Amino acid sequence: MSVTFPVVGMVGGGQLARMTHEAGIPLGIRFKLLSDTPQDSAAQVVSDVVVGDHRDLDTLRRFARGCDVITFDHEHVPTGHLRALEADGIPVRPGPDALEHAQDKGVMRARLDGMGVPCPRHRLVRDPADVAAFAAEGTGGTGSAGGTAGSGGADSAPGGAFPFPVVLKTVRGGYDGKGVWIVRSVEEAALPFRAGVPVLAEEKVDFTRELAANVVRSPHGQAVAYPVVESVQVDGVCDTVIAPAPGLAPARSAEAQQLALRIAEELGVIGHLAVELFETADGRVLVNELAMRPHNSGHWTQDGAVTSQFANHVRAVLDLPLGDPRPRARWTVMANVLGGDYPDMYTAYLHCMARDPQLKIHMYGKDVKPGRKVGHVNTYGDDLADVRERAAHAAGYLRGTIQE
Ligand code: ADP
């Protein structure tokens with residue numbers, strides 16, 4: 001009797017797809033990939049690749065043939081196409097109803113407001129004049145709610161107006177801070193509107209640090225929560241992740257985990273959900289953003305948790321029992337490796353591996369370009385300062401900014 005294993009259809013050929021595929025290998029799970037080019041990170045390692053455009057329904061349908069389930073490396077497949085695939089009888093996980101909240105920041109904010117989840121004050125805006133009007137209101141300190149701003153019926157502004165500086169975000173298509181502007185005047189507010197897509201205005205939160213609460217949920221409704229982590233951003237891009245978040249009170253951590261579990265359940269998320277959070281000086285935790293796929297803030301789990309985010313994502317989309325999310329070490333630190341001036345990172349392995357035998361290097365097969373995320377490192381241990389230093393050293397050495 002021949003044994004068959006399911007085929008997971010992964011839309012998107014980036015590093016998240018590459019590492020999810022890697023996690024499926026020990027389970028014998030087969031992967032089929034829809035990739036923009038044959039050179040994409042995951043296309044280099046998956047044997048069954050369809051090269052095509054994820055925005056084209058016919059391409060998606062052709063790709064989906066022979067897949068037992070479809071999942072994603074990014075959030076950019078049009079929601080209507082996902083509904084069409086579901087209507088064709090193909091399980092899409094996470095499904096379009098859930099995924100829309102990660103695709104559209106306006107939809108996400110409206111839904112979280114409805115759930116009573118604490119978020120930065122916000123409202124959808126039509127044009128720079130709209131922004132100027134409520135920012136002026138905010139300066140006046142009236143704090144009145146409502147207003148006529150907004151499109152799509154989601155013009156909620158819990159807490160009312162707020163003054164410049166204001167954070168403007170295109171509601172769809174942003175990543176790694178692209179699509180996010182901090183504006184201080186009506187003149188500066190013009191830029192985001194040039195793309196012609198709706199724009200969400202948010203108060204600029206004076207946060208003390210950024211946290212992420214990562215959970216995984218299966219169709220059975222089983223869910224696991226990873227320790228809450230601190231995510232250190234540099235120039236809008238994640239630089240370092242520390243697991244668990246240092247100094248986070250156990251009660252606060254449990255609260256953030258419960259919040260993420262509640263969001264996953266109420267939105268019907270299947271797979272990995274990252275809830276990006278702002279921690280404020282007055283002790284509040286606000287939700288910044290949702291991502292429904294493996295996430296940069298969860299890369300530490302590859303080497304620092306009993307079951308990685310990638311392995312649990314694979315299990316979840318196949319409705320298998322989820323694995324233990326607990327940490328293996330007291331501290332695990334992930335540092336992203338960005339491209340620098342030296343295209344040859346391999347030569348740096350010798351030094352990095354000799355210096356830190358606990359170091360784990362994960363490269364994505366991408367050409368090195370200055371500032372581009374091309375890999376990450378994980379390391380772990382009992383002394384946080386030492387673990388941070390080792391991770392930062394390795395990432396800097398690989399990039400070429402540290403020479404000794
Ligand atoms: P992206 O979808 O590109 O990841 P995010 O909404 O996560 O965009 O924003 C990127 C970064 O911009 C955040 O990690 C944070 O550092 C900063 N940021 C976003 N929103 C706010 C806000 N309301 N107040 C202050 N900083 C913000």
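For ligands, and for the atoms within them, numbers begin at 1 and follow the listed sequence. Reckoned from all heavy atoms, side chains included, excluding hydrogens, waters and symmetry mates. Nothing here was measured: the structure is a model prediction, and the numbers come from that model.
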Asker: Taking atom CZ as the centre, does R326 end up with more than 12 heavy-atom neighbours from other residues, nucleotides or ligands that are less than 6.0 angstrom away?
Answerer: no
Asker: Around D341, counting heavy atoms of other residues, nucleotides and ligands shown, do more than 12 lie under 6.0 Å from its CG?
Answerer: no
Asker: Examine distances only and state if a side-chain atom of R30 and a backbone atom of F5 form a donor-acceptor pair shorter than 3.5 Å.
Answerer: yes
Asker: Output the list of atoms in ligand 1 that are nearer than 4.0 Å to some heavy atom of F207, sorted by atom number.
Answerer: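 Near F207, meaning under 4.0 Å from one of its heavy atoms, ligand 1 has 16 (O), 25 (C), 26 (N).
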Asker: Measure from the side-chain N and O atoms of T20 to the backbone N and O of L16, and report whether any donor-acceptor pair falls under 3.5 Å.
Answerer: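 Looks like yes, one N/O pair under 3.5 Å.
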Asker: What part of V180, side chain from CB on, backbone N/CA/C/O, both or neither, has a heavy atom under 4.0 Å from ligand 1?
Answerer: side chain
Asker: What protein heavy atom sits nearest atom 20 (N) of ligand 1, and how far off is it?
Answerer: K169 NZ, 3.0 Å
Asker: Establish whether atom 25 (C) of ligand 1 and some protein heavy atom are separated by less than 4.0 angstrom.
Answerer: yes
Asker: I'd like to know if the side chain of Q44 and the backbone of G365 have a donor-acceptor N/O pair within less than 3.5 Å.
Answerer: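 Present.
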Asker: If you take the nearest heavy atom of each of E210, H122, Q233, E202, which one is closest to atom 13 (C) of ligand 1?
Answerer: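 Comparing heavy atoms across E210, H122, Q233, E202, the nearest one to atom 13 (C) of ligand 1 lies in E210.
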Asker: Okay, side chain of S185, backbone of E188: is any donor-acceptor separation there less than 3.5 Å?
Answerer: yes
Asker: Quick test: of every protein heavy atom, which one is nearest to atom 3 (O) of ligand 1, and how far off is it to 0.1 Å?
Answerer: G177 N, 2.7 Å
Asker: If you have a sec, work out which protein heavy atom is nearest atom 21 (C) of ligand 1 and how many Å separate them, to one decimal?
Answerer: F278 CZ, 3.5 Å
Asker: Quick one: does any side-chain atom of T347 pair with a main-chain N or O of D344 as donor and acceptor, under 3.5 Å?
Answerer: no
Asker: Classify the contact between N288 and ligand 1 as side chain, backbone, both or neither, using a heavy-atom distance cut-off of under 4.0 Å.
Answerer: side chain
Asker: Please report which non-hydrogen protein atom sits nearest to atom 1 (P) of ligand 1, along with the residue it belongs to and the distance in Å to one decimal place.
Answerer: E289 OE2, 3.6 Å
Asker: For the ring pair H74 and H54, is the centre-to-centre distance below 6.0 Å?
Answerer: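 Yes, close enough.
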Asker: Could you check whether atom 17 (C) of ligand 1 has a protein contact, counting only heavy atoms that fall below 4.0 angstrom?
Answerer: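 Answer no: nothing from the protein, no heavy atom, is under 4.0 Å.
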Asker: Hey, which atoms in ligand 1 end up nearer than 4.0 Å to a heavy atom of K204?
Answerer: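 It comes down to these atoms of ligand 1: 24 (N), 25 (C).
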Asker: For ligand 1, which atoms, with element, lie under 4.0 Å from some heavy atom of E276?
Answerer: 7 (O)
Asker: Judged by atom type as modelled, is there a donor-acceptor pair below 3.5 Å linking the side chain of T280 to the main-chain atoms of F207?
Answerer: no
Asker: As an exercise, identify every atom of ligand 1 less than 4.0 angstrom from a heavy atom of E203.
Answerer: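 That gives atoms 22 (C), 23 (N), 24 (N) of ligand 1.
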